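The structure displayed is predicted, hence computed values, not measured ones.
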Amino acid sequence: MEDRINDLLGKLTLEEKVALTTGKDYWTTVAVERLGIPSIWLNDGPHGVRRPHSGSDIGLGDAKPATCFPTASALASSWDTALIETIGKALAGECHALDVQVLLGPGINIKRSPLGGRNFEYYSEDPHLTAALAVAFVNAVQSEGIGTSLKHYACNNQEFERMTISADLDERTLREIYLAAFEQVVKEARPWTVMASYNRINGVPATENSYLLTEILKEEWGFTGCVVSDWTAVNYKEKSLAAGMDLEMPGKGGIDDAKIAGLVREGLLNETVLDEAVRRILRLVLLAVQYRRPGVVYDQTAHHALARRAAGECAVLLKNEDNLLPLDANKLASLAVIGRFARDPRYQGAGSSQVTPTKLDAAYDELAKLLGSKTWLTYAAGYSESDSADETLIKEAVSTARKAEVAVIFAGLPPQYESEGFDRVHLDLPPAHNRLIEAVCAVQPNTIVFLANGSAVTMPWLNKPKAILEGWLGGQASGGAAADILLGLVNPSGKLAETFPYRLEDTPAFLNFPGEEDRVRYGEGLFVGYRYYDRKKITPLFPFGFGLSYTTFEYSNLKLNRDTISDHDVLQVGLSVKNSGPRAGREIVQLYLRDETASRVRPDKELKAFAKVALEPGETKTVQFSLTGRDFAFYDAAGRNWIIETGWFEILIGSSSTDLKLATKVYMDSQQRLKRHFHRLTPFKYFLSDDAAREIIRQTLGETPLVSVLLSGDLDQTLVNLLGNMPAIKMLDYTGGSISVTLLDELIDQINRQE
């Protein structure tokens, strides 16, 4: 292929090369027919193929039918990489059938705030969980010869002013939280494309950001694929090309082509930059054509069944008092189904990822099929499309619920509450939904709430229903999955991939979201999601990793393969999990790591591994995890590398971020050293705390009275603190002229040259 690319580069005219770097229309690339370079399709989206009828058609609401699988926020709650692989392969099959060569997904931006309007398209608030799921997705799709587009790179964490806002954050936060998943997916799964986002990062647009696109993505991480812009994200074509942006989408009718060709001819844009972009585009096109499979037909019925299974695995059981669930179809005399979503389901997000489904299940219909004539099934809408409560509808719902043995309310967020293009303004359900839940619970003690929403919501009625299920935006078969879960055909095994707060004011980004004057400050730094709730000791509504089951599990026998490790070792962690309840079920075992001796501020704990384990009643299985040096590391911005420090680490095993059942410790004997760059204004205490610096100071200045006393530790602690916090240059004032500025500079230079 590389020989073919070199041959084509030598034959393309300058104008043809320039034309290739911008799309032909909304969804296709430019073809060069004289050289046999075809056009390929790039289409949304992560949970279903959105293929418009023509390349010039945006296709919102009128795309070719395809299976609508659960959205990313739902799939993440499955914590099931095998499930995501299966869905990825199914999506690839549909891409072949619809003649799509690149599927624009997955979306892996971190959920900085639950208000993010596009949160339903993203996996999690945690980089490790996000990366593991995305690696599975990319590998699966691309194993079938369809490209993926890892998006949106980077810090695209809100919709407010999304095309102009600058995400302002420090380097360590950028690396540990917002780039970590991108790095892992690029290195482990090699996506065909990475999509540059709309926003700016520290003032520089993502599509013009050479630090992100070239230095980090291409040079440091070794990305060999094509960088494609988010649609209409390019502002200045020449700046984007110079920064490492390869393919601008969508097409603009060649409006910039003459300008770019002129800049190349005038030497103002190096032709090697253009050639590099074209090389990557050609590699993408030739790879796509190599795997093209015309005439593929997929089994819509089988894919719908997969969508139903997936939705069942994604649902999270949040509450189940008195084991009300699962309902026993053989004993259930009557069931009231309340809520318009039961017949008119909310099953996917709004915006560019919106799929035209091949089929659509409604929960009421699916319950009727499973229950048959044995159970008296009734229905009341309870609310309309309006936010405001309709007392007539509520009165009807209350009457219906009162007459039944059990009531299940289908509620959640309507499309106008969360969508691409705008952020949520609060975390509440519509007043009509909250009012309905309160009213029904007041007359029916056996009430179940089944939610459909793309991100966290508050629940002022939390203590009133006996059972609560988070169903997310579960795709076209979510109605069938809801029936399966309610009647016990599926044991819910999902766990939250994001924290649910009691109130908006408790969220990490509350004081800094969505920003103002074209900038948003990431003031919470590393403390996103559960990291923040841990550090602030704030109890959330439901913690990260939480989810109940129709059975119970016991943890035991935590063992490590060694008590002391080096930064090059792999630590093996083993434990036993037993299903101690009456039903088959699946438990998600979570491993968190706590650095007990860090010299830098670190979160109280961080997720580093997880496993989903299927267990029959009474069955016990051993779970094994492997931790590498990177799991113990933090990013040192000054040294621009990852550092593992010597010290104790605690390994915590649990069923959620707050339900930690087992713990042990391991000692890390690291060969790495956190290297500080010293200068005149470095506080003297840092010279004393660095072994190499301290030794050089002892050899050079050890006879100086003040330095001698500081090295000995004989001074009063108050005086040590006072002097230690002084910058080195100020210490000269207390040495009686025995140390010159020149000597200090020579000393600092000698310290900085130490490895």
Between [X] (side chain) and [Y] (backbone), is there a donor-acceptor pair under 3.5 Å?
X: E321; Y: A467; result: no
X: N579; Y: L615; result: yes
X: H152; Y: A154; result: no
X: K495; Y: F546; result: no
X: E418; Y: G454; result: yes
X: Q444; Y: A401; result: yes
X: S493; Y: R586; result: no
X: D423; Y: E159; result: yes
X: K151; Y: I108; result: no
X: R175; Y: A180; result: no

Verify the distance criterion only: is there a donor paired with an acceptor across the side chains of [X] and [Y] at less than 3.5 Å?
X: E121; Y: T71; value: no
X: H128; Y: E606; value: no
X: Y178; Y: N109; value: no
X: N491; Y: S549; value: yes
X: S580; Y: T552; value: yes

State, with a plain yes or no, whether a side-chain heavy atom of [X] is found less than 4.5 Å away from one of [Y].
X: V589; Y: F553; answer: no
X: Q572; Y: F625; answer: no
X: E554; Y: V577; answer: no
X: R531; Y: D126; answer: yes
X: Y530; Y: Y592; answer: yes
X: D361; Y: R308; answer: yes
X: F634; Y: R602; answer: yes
X: L91; Y: T67; answer: no

For [Y] together with [X], are the ring centres under 6.0 Å from each other?
X: F341; Y: F450; value: no
X: F527; Y: Y533; value: no
X: Y123; Y: W472; value: no
X: F649; Y: F632; value: yes

- Query: Which pairs count as salt bridge (charged side-chain N to carboxylate O under 4.0 Å, His left out) when at least one residue sits in residues 612-624, sequence neighbours excluded?
  - Reply: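 Salt bridge (charged side-chain N to carboxylate O under 4.0 Å, His left out) check on residues 612-624 returns E313-K612.
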- Task: Only pairs at least two apart or in different chains count here, so list each salt bridge (charged side-chain N to carboxylate O under 4.0 Å, His left out) that has a residue in residues 465-479.
- Result: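 Qualifying pairs, neighbours excluded: D322-K466.
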- Derivation and outcome, side chain to side chain donor-acceptor pair (under 3.5 Å), residues E498 and S124: CA-CA 6 Å; E498 58 194 270; S124 175; over 6 Å; no
Please report the closest heavy-atom contact between [X] and [Y], naming both atoms and the distance.
X: K319; Y: P465; result: NZ-O, 2.8 Å
X: T507; Y: P501; result: CG2-CG, 3.7 Å
X: S657; Y: Q590; result: N-OE1, 3.9 Å
X: N512; Y: G523; result: ND2-CA, 3.8 Å
X: I588; Y: S78; result: CD1-O, 3.7 Å
X: G349; Y: L473; result: N-CD1, 3.6 Å

Could you state the interatomic distance from [atom1] ([X]) to [atom2] ([Y]), rounded to the nearest 0.5 Å?
X: E524; Y: L169; atom1: CD; atom2: CG; answer: 9.0 Å
X: F182; Y: T130; atom1: CZ; atom2: OG1; answer: 9.5 Å
X: L469; Y: L325; atom1: CG; atom2: CG; answer: 6.0 Å
X: L115; Y: F160; atom1: CG; atom2: CZ; answer: 12.5 Å
X: L607; Y: L591; atom1: CG; atom2: CG; answer: 7.5 Å

- Task: Test side chain to side chain donor-acceptor pair (under 3.5 Å) on Q158 and S113 and set out the steps.
- Result: CA-CA 8 Å; Q158 62 188 67; S113 167; over 6 Å; no
- Task: Output, in order, the C-alpha distance, side-chain angles, deciding distance and verdict of ring pair (Phe, Tyr, Trp, His ring centres under 6.0 Å) for F69 and H304.
- Result: CA-CA 8 Å; F69 290 98; H304 185 78; 9.5 Å; no
- Message: For a salt bridge (charged side-chain N to carboxylate O under 4.0 Å, His left out) check, start with the C-alpha distance between D604 and R594, then their side-chain angles and the critical distance, and finish with the verdict.
- Response: CA-CA 6 Å; D604 289 1; R594 173 181 291 145; 5.8 Å; no
- Under-4.0 Å salt bridge between K608 and D631: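 Answer for the salt bridge query: no.
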- Query: Can we say E125 and R112 salt-bridge, meaning some charged N sits less than 4.0 Å from an Asp/Glu carboxylate O?
  - Reply: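 No salt bridge links E125 with R112.
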- Pair R118-E420, salt bridge (charged side-chain N to carboxylate O under 4.0 Å, His left out): steps then yes or no: CA-CA 5 Å; R118 215 167 175 178; E420 178 180 358; 3.4 Å; yes
Using a 3.5 Å cut-off and no angle test, enumerate the donor-acceptor pairs between side-chain atoms of residues 404-412 and protein atoms at least two apart in sequence or in another chain.
unit_1 : atom_1 : unit_2 : atom_2 : d
E405   : OE1    : A333   : N      : 2.9

- Test side chain to side chain contact (heavy atoms under 4.5 Å, CB included) on V135 and L133 and set out the steps. CA-CA 6 Å; V135 166; L133 300 175; over 6 Å; no
